[in-house]
Amino acid sequence: MAQVARKTNRNMVNLLLDGTIFVAFLASTAPRFTGLAIHEWLSIAFGAAIVTHLLLHWSWIVAVTKRFFGKAQWSARVNYVLNALLFVAFTVIIFTGLMISEVALPFIGIQLAGGHLWEQLHKLAADASVFLIGLHVALHWQWIVNMLKRIIVAPRWPRRAAQPTISNQQQEA
Amino acid sequence: MQIVTRTLTILVAALLVVGATMALGQSGALSSLSSGGPPASSQVQATSGTDAAASDSTTMGAPPARGGNHEEGGMSLAGAVSIGKNLGIIGAIVAVIALATGLVRRLLPWTRGRGEPPPAAA
């Protein structure tokens with residue numbers, strides 16, 4: 001019983017964090033909407049959120065890394081490669097963003113040369129990340145729907161929500 | 001301690017990506033990206049004041065016109081449209097994949113669970 005409660009809590013934390021990351025991602029891809037200052041600071045905070053996300057899914061990362069060339073399911077492999085590409089894309093976005101920063105780094109007294117190359121790479125990685133995020137959300141859609149059902153539908157219509165949901169391990173994979 | 005080690009591992013992985021990006025940038029492998037931009041000698045100026053990069057920033061995740069009119073304005077209609085566009089792209093991808101997955105699961109029932117495929121297919 002305690003284990004189920006812990007699993008539910010963990011799922012809730014994941015859903016909240018991932019939802020926040022998604023909203024922050026959308027906001028940070030529209031600097032014309034937020035303004036450059038919020039865009040830059042939000043993106044730096046986004047980096048910290050990504051690290052937290054990875055820490056929360058550490059056991060899955062380690063497990064799939066170990067059996068990637070062995071017994072891993074094809075869906076886990078696809079997910080792993082996609083997540084690795086997302087990690088690279090986000091790292092490039094944050095790095096190139098810092099290279100061309102006009103608000104955040106100058107605020108702490110650092111002025112980098114920047115350049116057209118970093119700007120282009122920043123845009124390219126940002127465009128790629130939108131598609132990769134789409135794929136990432138799509139691959140976890142069933143888990144998202146199940147969690148929302150559990151949170152929104154279950155308290156109102158217990159019978160309707162009493163359908164089997166996928167296991168925690170499956171949602172991570 | 002475990003969290004610190006894991007965080008450091010993630011940061012090292014990020015540093016590797018940054019190193020690879022910088023190496024690619026300096027080796028000229030990404031020169032096609034910088035072609036059409038300002039010459040190297042004027043790159044410092046470009047980041048601090050021209051609209052050269054803004055004219056082609058029509059892509060989804062494009063930064064605003066750096067040094068231009070948009071950076072301090074905030075909450076423009078173009079920005080809201082950009083968010084809607086990105087959300088639409090993500091929604092379309094989710095819809096297509098969810099439909100495809102549903103179809104595959106209906107046509108190939110053994111893909112539903114976490115179990116192995118039937119012996120004939122394995």
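All figures in this text were calculated on a predicted structure; none of them were measured in a lab. The chains referred to below are lettered A, B, ... by the order of the sequence lines, with proteins before strands, and numbering in each begins at 1.
Here the side chains of A:Ile144 and A:Asp18 are not in contact, with every heavy-atom distance at 4.5 Å or above. Inter-residue side-chain proximity for A:Phe95 and B:Leu15 is flagged as unmet; no heavy-atom pair is nearer than 4.5 Å.
Between chain A and the options B:Ala13, B:Ala92, B:Ala95, B:Ala98, heavy-atom pairs under 4.5 Å are most frequent for B:Ala13. The candidate from A:Val88, A:Val62, A:Leu55, A:Val137 with the greatest count of non-hydrogen atom pairs under 4.5 Å with chain B is A:Leu55. Among A:Trp118, A:Phe87, A:Trp141, the residue with the largest count of heavy-atom pairs under 4.5 Å with chain B is A:Phe87.
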Subject >> Test side chain to side chain contact (heavy atoms under 4.5 Å, CB included) applied to A:Ile151 and A:Met12, step by step >> reply: CA-CA 9 Å; A:Ile151 294 167; A:Met12 283 293 291; 3.3 Å; yes

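To the nearest 0.5 Å, the span separating OG on A:Ser28 from CG on B:Asn86 amounts to 9.5 Å.
In this structure, no portion of A:Phe90 lies under 4.5 Å from any heavy atom of chain B.
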